[in-house]
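Everything on this sheet refers to the single structure shown next.
Predicted model, so just to flag it, every value in this text is computed and none were measured.
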Amino acid sequence: MKKEFSGKTVIVTGGASGMGLLSGQNFFERGANVLLCDYNEEELNKAKALFDGDEKRLLTVLCDVRNFDEVRETVRACIEKFGSLDVMVNCAGGNSCRIFGRWEEFCDLPIEQIRWGVDVNLMGTVYFCHEAMRQMRKQKSGVIINFGSITGLEGDTCGLDYAISKSAIMNGLNKSLAKEGARYGVRVNCVAPGPVLTRPGMANMKTALGRAADPQEIVDMVLYLASERSSFVTGATILMDGGRHLLMEDGV
């Protein structure tokens, strides 16, 4: 049986760990050419060792998503090796308070920390969308999948830059790019998780279903949106939060 993504090429940012790595593994297992990019060279090398099979279908690239030149070179390397870019998955991101270990109120945080959060979570996604769309417009086909978050709906006093970035991705970027892409056969969608068991602390976040998501549950939606099974879906933000937003509506 032909694998679902045979002959397709996928770029995954944040590909050295978490849902980025899991997404890359799932696409690879289903026959795709996969480019994993990440800023952490040591973790990227560890991730590469997890892939079995034809290494001709795998490329790892060191890339800081905050740097547009590096983003552009990453996409160029993908086209040079595989000849196309069919699916762009923007997983790279993180809460700046957790990364920097500083949890002061917004106006007391260093502006460099806030800029880091916006650059990683929003501008990195914008940069890769910019370059992916350029190639997909030429091909007259392609799928872009961005990661939002329930935090983009809730807001958060611990890491406003994260909430700001995710809200912008889920609304302005997702809808605008989907409108533009529709003219060229390019679909653009967003997956917005709630708590996911990529870190132990996530298990303590409340949801209507009483649990956090298994990472594979989120990746399964990514695979669906990347496939022809979702050929009539674009401009959508798929909220995968176990009903956490329902608790917001009830004032819990």
Side-chain angles (χ1 to χ4, degrees), residues 9-21 23-24 27 34-41 43-44 59-82 84-96 99 111-139 141-149 151-152 159 161-181 184 186-192 222 225-226 234-235 237:
T9 297
V10 183
I11 291 179
V12 184
T13 71
S17 62
M19 284 186 288
L21 174 56
S23 294
F27 278 112
V34 174
L35 185 154
L36 297 179
C37 67
D38 202 284
Y39 77 102
N40 189 320
E41 186 171 15
E43 291 301 311
L44 195 58
L59 180 64
T60 57
V61 176
L62 196 63
C63 176
D64 185 340
V65 299
R66 298 173 298 167
N67 186 315
F68 177 70
D69 289 339
E70 292 185 19
V71 170
R72 182 170 52 191
E73 284 304 303
T74 299
V75 176
R76 183 200 61 77
C78 174
I79 305 306
E80 186 175 276
K81 181 173 178 62
F82 299 123
S84 67
L85 172 54
D86 303 291
V87 182
M88 178 75 237
V89 182
N90 284 300
C91 284
N95 187 302
S96 70
I99 299 299
I111 198 65
E112 292 78 14
Q113 176 175 326
I114 295 166
R115 182 181 297 116
W116 182 93
V118 173
D119 284 349
V120 168
N121 292 293
L122 177 58
M123 293 311 300
T125 297
V126 170
Y127 291 160
F128 266 102
C129 285
H130 184 276
E131 292 304 290
M133 182 61 80
R134 183 193 306 279
Q135 176 63 25
M136 291 175 179
R137 183 178 63 179
K138 291 179 183 178
Q139 298 170 179
S141 66
V143 178
I144 296 174
I145 301 167
N146 298 317
F147 266 71
S149 170
T151 306
D161 47 87
Y162 186 80
I164 291 165
S165 299
K166 293 303 185 180
S167 181
I169 290 169
M170 293 160 64
N171 292 288
L173 178 62
N174 195 55
K175 293 174 182 177
S176 300
L177 205 56
K179 287 182 178 181
E180 180 171 319
Y184 304 106
V186 177
R187 296 188 295 109
V188 183
N189 290 295
C190 179
V191 176
V222 172
L225 291 174
T234 195
T237 292

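- With hydrogens and angles ignored, the 3.5 Å screen pairs a side-chain donor or acceptor of Thr234 with a backbone N or O of Val188.
- Judged purely by atom type and a 3.5 angstrom limit, Ser149 has no side-chain atom pairing as donor or acceptor with the backbone of Ala192.
- The CD1 atom of Ile79 sits 6.5 Å away from atom OG of Ser84, with the distance rounded to the nearest 0.5 Å.
- Applying the ring pair (Phe, Tyr, Trp, His ring centres under 6.0 Å) criterion to Phe27, with sequence neighbours excluded, gives Phe5.
- Note on residues 122-134: pairs passing side chain to side chain donor-acceptor pair (under 3.5 Å), not counting sequence neighbours, are Glu131-Arg134.
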Show me, pair by pair, the donor-acceptor contacts under 3.5 angstrom made by side chains of residues 164-171, not counting sequence neighbours?
{"unit_1": "Ser165", "atom_1": "OG", "unit_2": "Asp161", "atom_2": "O", "d": "2.7"}
{"unit_1": "Lys166", "atom_1": "NZ", "unit_2": "Phe147", "atom_2": "O", "d": "3.0"}
{"unit_1": "Asn171", "atom_1": "ND2", "unit_2": "Ser167", "atom_2": "O", "d": "3.0"}

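- Applying the 6.0 Å contact sphere to NZ of Lys175 captures no more than 12 heavy atoms from other residues, nucleotides or ligands.
- With contacts defined as side-chain heavy-atom distances shorter than 4.5 Å, the pair Leu59/Phe82 qualifies.
- At a threshold of 4.5 Å between non-hydrogen side-chain atoms, the residues Asp38 and Leu36 do not count as touching.
- Glu43 contributes no side-chain N or O that, together with a main-chain N or O of Ala16, makes up a donor-acceptor pair within less than 3.5 Å.
- Between Leu173 and Asn146, the closest heavy-atom pair is CD2-ND2, 4.0 Å.
- Thr13 places a side-chain N or O within 3.5 Å of a backbone atom of Ala92 that can act as its donor or acceptor partner.
- Ile114 CD1 to Asp119 CG: the interatomic distance, rounded to the nearest 0.5 Å, is 12.0 Å.
- More than 12 heavy atoms of other shown residues, nucleotides or ligands fall within 6.0 angstrom of atom CD in Gln139.
- Ile144 has its side chain within reach of Met136: a pair of non-hydrogen atoms, C-beta onward, lies under 4.5 Å apart.
- Counting only heavy atoms from C-beta outward, the side chains of Thr9 and Leu35 never approach each other to under 4.5 Å.
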*Show the numbers, then the answer: is there a side-chain contact (heavy atoms from CB on, under 4.5 Å) between Gln135 and Met88?*
CA-CA 11 Å; Gln135 176 63 25; Met88 178 75 237; over 6 Å; no
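- In this structure, the side chain of Asp86 does not engage the main chain of Gly142 through any donor-acceptor pair within 3.5 Å.
- Note that CD of Glu73 is 10.0 Å distant from CZ of Phe68, once rounded to the nearest 0.5 Å.
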